[in-house]
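Data block below; observations after.
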Number of protein chains: 4
Amino acid sequence: MDGTKQQRRRGDTRQRIQDVALGLFAEQGYEKTSLREIAERLDVTKAALYYHFKTKEEILVGIFEDLSRPMEDLIAWAREQPHTLETKQEIIRRYSEALAGAAPLFRFMQENQATVRDLRIGEMFKTRMLGLRDSLIDPEADLVDQVRCVSALFTLHAGMFVLSDLEGDPEEQRAAVLEVATDLVTQAHRGSAGRAAPAP
Amino acid sequence: MDGTKQQRRRGDTRQRIQDVALGLFAEQGYEKTSLREIAERLDVTKAALYYHFKTKEEILVGIFEDLSRPMEDLIAWAREQPHTLETKQEIIRRYSEALAGAAPLFRFMQENQATVRDLRIGEMFKTRMLGLRDSLIDPEADLVDQVRCVSALFTLHAGMFVLSDLEGDPEEQRAAVLEVATDLVTQAHRGSAGRAAPAP
Amino acid sequence: MDGTKQQRRRGDTRQRIQDVALGLFAEQGYEKTSLREIAERLDVTKAALYYHFKTKEEILVGIFEDLSRPMEDLIAWAREQPHTLETKQEIIRRYSEALAGAAPLFRFMQENQATVRDLRIGEMFKTRMLGLRDSLIDPEADLVDQVRCVSALFTLHAGMFVLSDLEGDPEEQRAAVLEVATDLVTQAHRGSAGRAAPAP
Amino acid sequence: MDGTKQQRRRGDTRQRIQDVALGLFAEQGYEKTSLREIAERLDVTKAALYYHFKTKEEILVGIFEDLSRPMEDLIAWAREQPHTLETKQEIIRRYSEALAGAAPLFRFMQENQATVRDLRIGEMFKTRMLGLRDSLIDPEADLVDQVRCVSALFTLHAGMFVLSDLEGDPEEQRAAVLEVATDLVTQAHRGSAGRAAPAP
DNA sequence: AATGAATGAGACTTCATTCAT
DNA sequence: AATGAATGAAGTCTCATTCAT
């Protein structure tokens with residue numbers, strides 16, 4: 001008797017704002033998405049957005065905090081593992097999963113770098129990425145092998161979006177990207193290890 | 001008697017607009033750079049910009065057309081070469097050079113993807129990138145090897161900017177990035193070749 | 001078990017609203033003080049303000065009614081006294097006291113005249129001031145002496161705030177201001193009296 | 001021909017903005033006057049205001065700079081005169097004239113003190129007032145006499161506006177206000193002088 | 001080759017106020 | 001006695017663009 005939209009939705013407006021906003025941010029970019037547009041799509045007024053978030057930027061911060069938790073957890077986990085090849089491969093695998101789980105957010109981050117740089121989440125994200133990088137890189141490794149690790153990360157990122165407009169089974173594609181990235185960290189690991197103690 | 005800035009600059013305003021605009025676009029992003037800002041930096045009025053360019057977007061098109069010629073040339077050249085390993089390695093090498101030669105433009109393209117997508121240069125750039133990709137990829141190659149080629153390109157792109165805030169000799173870094181990218185296409189080539197006719 | 005702030009404050013919210021509001025109104029001005037700010041400082045919601053007051057303006061009316069009673073009493077008292085010099089001097093003395101007793105309110109009235117004019121308290125205050133003025137001025141007195149009386153009142157008002165950022169003992173300052181104001185009404189009285197019946 | 005409003009007014013828009021703005025600021029207060037209102041009254045768009053002034057505040061600064069010049073000149077002049085009674089009386093006389101010449105501005109300053117305090121012109125005005133005060137006050141004078149000088153200035157200010165809603169010839173009123181103010185500085189001067197060397 | 005003046009659209013944000021609970 | 005959620009109106013400001021000169 002009261003399952004109307006209005007009624008059912010009471011209480012979840014904050015979440016709905018974030019959902020709609022992320023959709024639009026990812027699709028059109030941050031600056032080209034206006035609060036008017038978000039509000040209209042939710043059928044509320046702009047002022048309602050300001051009841052839930054202090055600024056446009058805070059909407060994005062909210063989204064980021066919610067969706068980047070898996071990434072944070074991964075980094076925390078990585079910090080406590082030994083720097084073995086298996087660990088590194090597992091990091092890549094898990095990161096690939098984290099990316100897939102929050103694809104719109106990461107797509108947004110990738111396609112709006114110039115914008116993100118000036119926003120609060122810019123620093124946050126950069127810190128996380130550096131954390132990830134350091135969990136893959138051996139500081140005394142060859143520069144080339146260090147680049148391989150960074151390249152592995154970027155391959156995962158880019159793979160997600162560039163490949164998305166290719167024909168072919170997405171799952172297969174993800175697997176292929178993952179393999180290339182894994183390969184890169186493996187080579188990087190062997191390289192450093194090899195120099196210390198050559199592989200058999 | 002007339003070697004003043006004003007005098008000497010007569011006639012090169014169009015070029016100066018592009019220079020300043022690219023600097024600001026790369027530094028702040030396209031949307032966050034206003035024509036007012038560009039004009040102020042050149043010490044002319046906004047209206048003057050409209051004498052030289054029909055719209056804001058056309059300024060960017062002009063920049064892109066001027067600076068992406070080496071990339072275009074590379075693609076044209078690549079189209080006429082046999083798809084040998086050496087060719088592919090040469091493509092990577094030359095593309096690395098092209099990127100370095102127009103760093104601000106490519107940095108801009110990378111950091112403003114969401115914006116660029118809706119602009120005329122979005123299509124142009126995508127077409128060029130696909131051309132490049134196709135000059136590296138063997139269509140019947142393994143998906144993993146195809147990803148390796150794309151990864152090689154992205155490694156070059158990303159390498160340029162991510163590494164830029166690392167300490168260390170930039171030349172050395174560029175060399176390292178180039179090596180990783182070359183490695184990737186080499187592996188990709190060996191992979192496909194290997195399946196058809198195993199390497200000696 | 002219940003001497004907490006929350007508990008102890010039950011029932012005095014209305015007064016606390018007025019206190020905080022007056023503080024902010026006096027400090028920042030009426031328009032620049034938002035209900036949000038008042039509510040936040042009290043750690044209640046804006047809606048709570050509306051439980052106690054119908055509008056923002058009514059908060060101010062409440063403050064004014066409470067704090068301007070001494071002024072009203074003074075005027076009522078003055079109305080029943082003979083228009084002697086002693087009475088006038090006493091009015092000035094008492095008004096000086098009234099001002100000091102409700103300094104933030106009067107400071108607010110002085111610094112927000114443009115705003116107050118459009119509010120209900122504008123009329124109220126004007127009426128009171130005219131009442132005061134008429135208790136000091138002899139209608140048939142010289143225009144100059146009439147001005148002296150008005151000047152005495154303004155001297156008291158302004159003295160309060162302009163002198164406040166001077167160095168020196170505030171009590172001494174108040175006394176000096178009071179002396180000048182008293183002097184002015186005395187001169188005014190002598191003037192009119194003198195013309196009607198010269199002083200001995 | 002071309003004596004239309006549009007044509008005739010080209011070039012004086014900046015001045016017209018200031019005129020209209022001052023009128024509205026004085027009548028309604030600064031915050032209650034919106035740029036929309038100013039623009040509508042001038043039959044231009046809000047954006048046109050921003051072509052001539054960077055912010056709402058700058059409109060006010062422009063007005064203040066233009067209209068407070070006589071006051072500034074007076075202070076400069078005063079600084080070079082000997083601190084005689086005649087000088088002080090002349091200062092009062094000239095200041096009275098300056099006030100009358102820019103009545104709307106001074107009315108605005110008086111009725112919007114809370115607002116003005118936070119604006120750029122707040123500091124400017126305060127500085128000027130202190131300059132004026134110091135040209136009237138002998139630093140070693142009695143506190144009461146110092147108050148008399150300040151009172152003289154406030155009498156002039158207040159006189160202008162409070163008396164304005166009295167019946168009676170405005171010229172006569174101004175003369176009366178001027179007499180009271182002059183009287184105050186004269187007494188102040190005699191007081192200090194008297195203590196040093198008693199009047200005959 | 002460039003300026004001065006202006007526009008129309010729209011951005012983000014804030015405010016006082018309301019009302020069901 | 002007070003909250004949570006929301007609204008409608010309005011505010012200041014910025015932008016790309018135009019056009020007569």
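Protein chains get the first letters and strands the later ones, always in sequence-line order, with residue 1 at the start of each. In what follows, every heavy atom counts, from backbone to side chain, and hydrogens, waters and symmetry copies are set aside.
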(message) So, does C:Thr13 get its side chain near the phosphate of F:dA2, meaning an N or O under 4.0 Å from OP1 or OP2?
(response) yes

(message) With nearest nucleotide decided by heavy atoms, which residue, A:Tyr51 or D:Lys32, maps closer to the 5′ end of DNA chain F?
(response) A:Tyr51

(message) Please determine whether a side-chain nitrogen or oxygen atom of B:Arg36 lies at a distance below 4.0 Å from atom OP1 or OP2 of F:dT14.
(response) no

(message) Whole angstroms only, please: what is the CZ-P distance between B:Phe53 and E:dA2?
(response) 12 Å

(message) I want to check one thing: is the phosphate of E:dG10, taken as OP1 and OP2, less than 4.0 Å away from some side-chain N or O of A:Ser34?
(response) no

(request) Please state how far atom NZ in D:Lys54 lies from atom C1' in F:dT14, giving the value in whole angstrom units. (result) 13 Å

(request) Quickly work out the A:Leu60 CG to E:dC12 P distance and round it to whole Å. (result) 13 Å

(message) In this structure, how many angstroms lie between the C1' atom of E:dA5 and the CG atom of D:Leu49, rounded?
(response) 13 Å

(request) Keeping the roles fixed (side chain from B:Tyr50, backbone from B:Lys56), state whether a donor-acceptor pair exists under 3.5 Å. (result) no

(request) Please examine the side chains of A:Leu119 and A:Tyr30, heavy atoms only from C-beta on, and report whether any two atoms are closer than 4.5 Å. (result) yes

(message) Under a 3.5 Å distance rule, please check whether C:Gln113 uses its side chain to pair with a backbone N or O of C:Gln110 as donor and acceptor.
(response) yes

(request) Let me know, please, whether C:Glu31 or D:Val44 comes out on the 5' side of the other along DNA chain E by nearest nucleotide. (result) D:Val44

(message) I want to confirm an ordering. Mapping A:Tyr30 and C:Glu57 to their closest nucleotides on DNA chain E, which one lands closer to the 5' end?
(response) A:Tyr30

(request) Ignoring hydrogens and angles, answer whether the base of E:dT17 and the side-chain atoms of C:Lys46 contain a donor-acceptor pair closer than 3.5 Å. (result) yes

(request) Figure out the CZ/C1' separation between C:Arg14 and F:dA2, and round it to whole Å. (result) 16 Å

(request) Please tell me which of the listed nucleotides, E:dC12, F:dT12, F:dA2, lies nearest to the side chain of A:Leu35? (result) E:dC12

(message) I want to check one thing: is the phosphate of E:dT14, taken as OP1 and OP2, less than 4.0 Å away from some side-chain N or O of A:Tyr50?
(response) no

(message) Can you measure B:Glu40 atom CD to E:dT3 atom C1' for me and round it to whole angstrom units?
(response) 15 Å

(message) Pairing check on E:dC15: which nucleotide meets the Watson-Crick or G-U wobble criteria with it, both distances under 3.5 Å?
(response) F:dG8

(message) Measure NZ/B:Lys56 against C1'/F:dT18 and give the value in whole Å, please.
(response) 17 Å

(request) Between A:Thr45 and B:Ala47, name the one whose nearest nucleotide on DNA chain F is closer to the 5' end. (result) A:Thr45

(message) Is the phosphate of F:dG4 approached by A:His52 (side-chain N or O, under 4.0 Å from OP1 or OP2)?
(response) no

(request) Please state how far atom CD1 in D:Ile38 lies from atom P in F:dA10, giving the value in whole angstrom units. (result) 17 Å

(request) Keeping the roles fixed (side chain from C:Arg117, backbone from D:Glu27), state whether a donor-acceptor pair exists under 3.5 Å. (result) yes

(request) Could you tell me whether a side-chain N or O of B:Thr33 sits under 3.5 Å from a main-chain N or O of B:Leu24, the two making a donor and an acceptor? (result) yes

(message) Counting only Watson-Crick pairs (N1-N3 plus N6-O4 or O6-N4) and G-U wobbles (N1-O2, O6-N3), all under 3.5 Å, who is the partner of F:dA20?
(response) E:dT3

(request) Could you tell me whether C:Glu58 and C:Arg120 make a salt bridge, using a distance below 4.0 angstrom between a side-chain N and a carboxylate O? (result) yes

